[in-house]
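Take a look at the structure set out below.
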Amino acid sequence: MNFIITLIEFIIILGVTVLIHEAGHFYFAKKAGIYVYEFSIGMGPKLFSWKRKNDETEYFIRWIPIGGYVQMAGEEIEPDENIPKEKRMQSKTWFQKFMTVIAGVMMNFILAIVLLFIIALVAGSQSLTPTIGEVEKNSPAESAGLEKGDQILSINGKDIITSDQFVLEIQVNGKKTAKIEVEHKNGEQELLSVKPEKIKDEDGNTIYQYGMALDGTREHGLLASLKYAFGKTFSLLHQMVLIIFYLCTGALSLNNLAGPVGIFSLVGESAAAGFINLVYLVAYLSINVGFINLLPLPAFDGGRILFMIIEKIKGSPVSPRIENWIHSIGFILLMLLMIFVTYNDILRLFS
C-alpha cells in the first residue's frame with residue numbers, strides 16, 4: 001500500500017514540475033501566434049488525449065510519467081506547408097522565439113519561489129547564513145576549537161556564501177582534513193583544521209562525521225518568508241552550478257546523481273518526514289529541472305538558446321538540419337546518461 005501511495009505522489013510531483021515547465025513554453029508560443037500541434041505530459045505511448053473547441057492543439061497524457069513536450073510548427077527540418085508561414089516559429093521575432101524557449105525555465109523558478117515562500121510562511125524561514133548551531137561533545141569539531149555561533153567563512157580556501165554551499169563542500173571534502181575558517185562571536189577570525197571521524201551509519205555504510213550542525217533557528221513573518229524564498233532559490237542554483245563544476249573536475253562522481261528511481265525513493269522519504277518536506281522536494285526538483293534545462297547543451301532549452309544567440313551574433317539562423325542533428329545526438333547521449341544513473345539508483349536500492 002505504501003508503494004502505491006508513493007507511486008501516486010511520485011507521478012503527481014513529476015507531473016506538476018513538468019506541467020509548469022511545458023505550460024511556460026505553451027503560453028508564450030500561443031501568445032506569439034505559433035501553431036502548436038501537441039501539448040504532452042509524460043513520454044511513450046498515449047494514455048489518452050483530447051482537443052478543445054476552436055483550438056488546433058491536441059493535449060496528451062502519456063504512459064511514462066517522466067518529461068513532456070510542446071510540439072510547435074517550425075521546429076522540424078522540412079517546413080510544414082499545411083501551416084501558414086506566419087504561424088511557424090521561424091517567422092517570429094528573435095525576442096518572441098527567445099521567450100518561448102526560456103519560458104519553461106522561468107516557470108520552474110517561479111513555482112519554486114512560490115512554494116518556498118509558502119513553506120516559510122507556514123513553518124518559518126531558516127537562516128541561509130552558514131552558522132554553527134551545535135557542536136557535539138568530544139567530536140572532531142569540538143577538538144578543533146569550533147564553537148556554537150561561529151560563522152563559517154571558508155573551507156579549504158573557498159569562500160562559503162550559504163549553508164547549502166557549506167554542506168556541499170563538506171561532502172566534496174570527504175575523509176580529508178578540512179581547513180575551516182570561522183568568525184567567532186567575539187569577531188575574532190581563526191583558521192582551524194578538522195579531521196572527520198570515520199563511523200558506520202544505521203545501514204552499516206561508512207561515513208565521515210565532523211560532529212557539528214548548522215543553526216536551525218527559524219524566523220517568521222511575511223518579509224522574512226519573501227527573503228527566504230528568493231535567497232533559497234539562488235542558494236540552490238549556486239549549489240547546482242558547483243555540482244556541475246565538481247562533476248566535470250572529478251571531485252564528485254556521476255554515482256552521486258539521482259535518476260527517476262532515486263527521485264522515487266526521495267519522494268517516499270520526504271512523504272514520511274511530513275507534507276512540508278514533500279512540498280520542499282517539489283520546489284527543489286522544480287529548480288533542478290529549470291537549471292538543467294538552462295545548461296547550454298544539445299537537447300536542452302539552453303542548447304536552443306545558444307543557437308539563438310549564435311543566430312543573433314551572425315545575423316542569420318543556423319541551418320535547421322544541422323541544429324536538429326546536434327540536438328538528436330544530444331538527446332541520445334542524455335538517454336544513455338539516464339540509463340546509467342537509473343542503473344546506479346537500482347544498485348543503491350539493493351545495497
Side-chain angles (χ1 to χ4, degrees), residues 12-25 27-28 68 98-99 101-131 151-152 158-172 214-247 252 256-258 262-263 266-267 269-270 273-297 300-302 305:
I12 292 173
I13 286 172
L14 281 190
V16 168
T17 306
V18 172
L19 176 63
I20 287 294
H21 182 91
E22 299 305 334
H25 292 311
Y27 174 78
F28 278 91
F98 176 80
M99 288 304 299
V101 174
I102 204 171
V105 172
M106 289 168 48
M107 290 300 291
N108 278 129
F109 292 160
I110 290 170
L111 173 64
I113 290 169
V114 170
L115 291 179
L116 290 170
F117 175 70
I118 293 170
I119 290 171
L121 276 179
V122 174
S125 56
Q126 192 169 340
S127 173
L128 298 175
T129 304
T131 304
Q151 182 176 333
I152 298 157
K158 297 168 188 170
D159 291 341
I160 301 299
I161 302 171
T162 66
S163 53
D164 292 310
Q165 184 190 359
F166 169 73
V167 172
L168 176 62
E169 295 295 346
I170 285 294
Q171 180 185 355
V172 170
L214 292 174
D215 183 18
T217 304
R218 292 183 179 273
E219 187 179 355
H220 294 269
L222 189 65
L223 190 59
S225 299
L226 197 60
K227 181 180 176 183
Y228 172 81
F230 282 94
K232 187 67 174 178
T233 299
F234 285 109
S235 174
L236 290 173
L237 282 171
H238 180 230
Q239 185 188 46
M240 290 171 190
V241 170
L242 291 174
I243 288 172
I244 294 295
F245 172 75
Y246 287 136
L247 285 171
L252 280 177
N256 290 283
L257 297 179
I263 295 171
L266 282 175
V267 169
E269 293 169 8
S270 298
F275 183 71
I276 289 293
N277 292 71
L278 206 56
V279 175
Y280 177 81
L281 179 60
V282 178
Y284 181 84
L285 288 177
S286 192
I287 294 172
N288 205 322
V289 168
F291 173 75
I292 290 173
N293 270 281
L294 204 53
L295 294 176
L297 299 173
F300 293 127
D301 293 338
I305 291 170

Where [X] and [Y] come nearest, the two heavy atoms and their spacing:
| X | Y | result |
| --- | --- | --- |
| Gln239 | Asp164 | NE2-O, 3.3 Å |
| Phe109 | Ile287 | CE2-O, 3.7 Å |
| Asp301 | His25 | OD2-NE2, 3.1 Å |

Among Leu111, Leu281, Ile113, the one residue meeting side-chain contact (heavy atoms from CB on, under 4.5 Å) with Ser286: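 Among the candidates, only Leu111 passes.
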
Can you name the residues that form a ring pair (Phe, Tyr, Trp, His ring centres under 6.0 Å) with Phe98, not counting sequence neighbours?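 For Phe98, the residues satisfying ring pair (Phe, Tyr, Trp, His ring centres under 6.0 Å) (neighbours in sequence not counted) are Trp94.
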
side-chain hydrogen bond (donor to acceptor under 3.5 Å, both in side chains) partners of residues 287-296, not counting sequence neighbours, each pair once: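 Of all non-adjacent pairs touching residues 287-296, none passes side-chain hydrogen bond (donor to acceptor under 3.5 Å, both in side chains).
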
[X] [atom1] to [Y] [atom2] distance, which is reported to the nearest 0.5 Å:
| X | Y | atom1 | atom2 | answer |
| --- | --- | --- | --- | --- |
| Phe291 | His238 | CZ | NE2 | 10.5 Å |
| Ile244 | Met240 | CD1 | CE | 9.5 Å |
| Leu19 | Met107 | CG | CE | 9.0 Å |
| Ile292 | Leu285 | CD1 | CG | 9.5 Å |
| Ile152 | Ile170 | CD1 | CD1 | 7.0 Å |
| Thr131 | Phe166 | OG1 | CZ | 10.5 Å |

Which donor-acceptor pairs under 3.5 Å do side chains of residues 114-127 form with protein atoms, sequence neighbours excluded?
unit_1, atom_1, unit_2, atom_2, d
Ser125, OG, Glu219, O, 3.0
Gln126, OE1, Arg218, NH2, 3.4
Gln126, NE2, Asp215, O, 3.4
Ser127, OG, Thr129, N, 3.1

Heavy-atom side-chain proximity of [X] to [Y] below 4.5 angstrom:
| X | Y | answer |
| --- | --- | --- |
| Ile110 | Ile20 | no |
| Lys232 | Leu236 | yes |
| Met99 | Tyr27 | no |
| Phe300 | Ile305 | no |

By side chain to side chain donor-acceptor pair (under 3.5 Å) - contacts of [X] (at least two apart):
| X | result |
| --- | --- |
| Thr162 | Ser235 |
| Glu169 | Tyr246 |
| Thr17 | none |

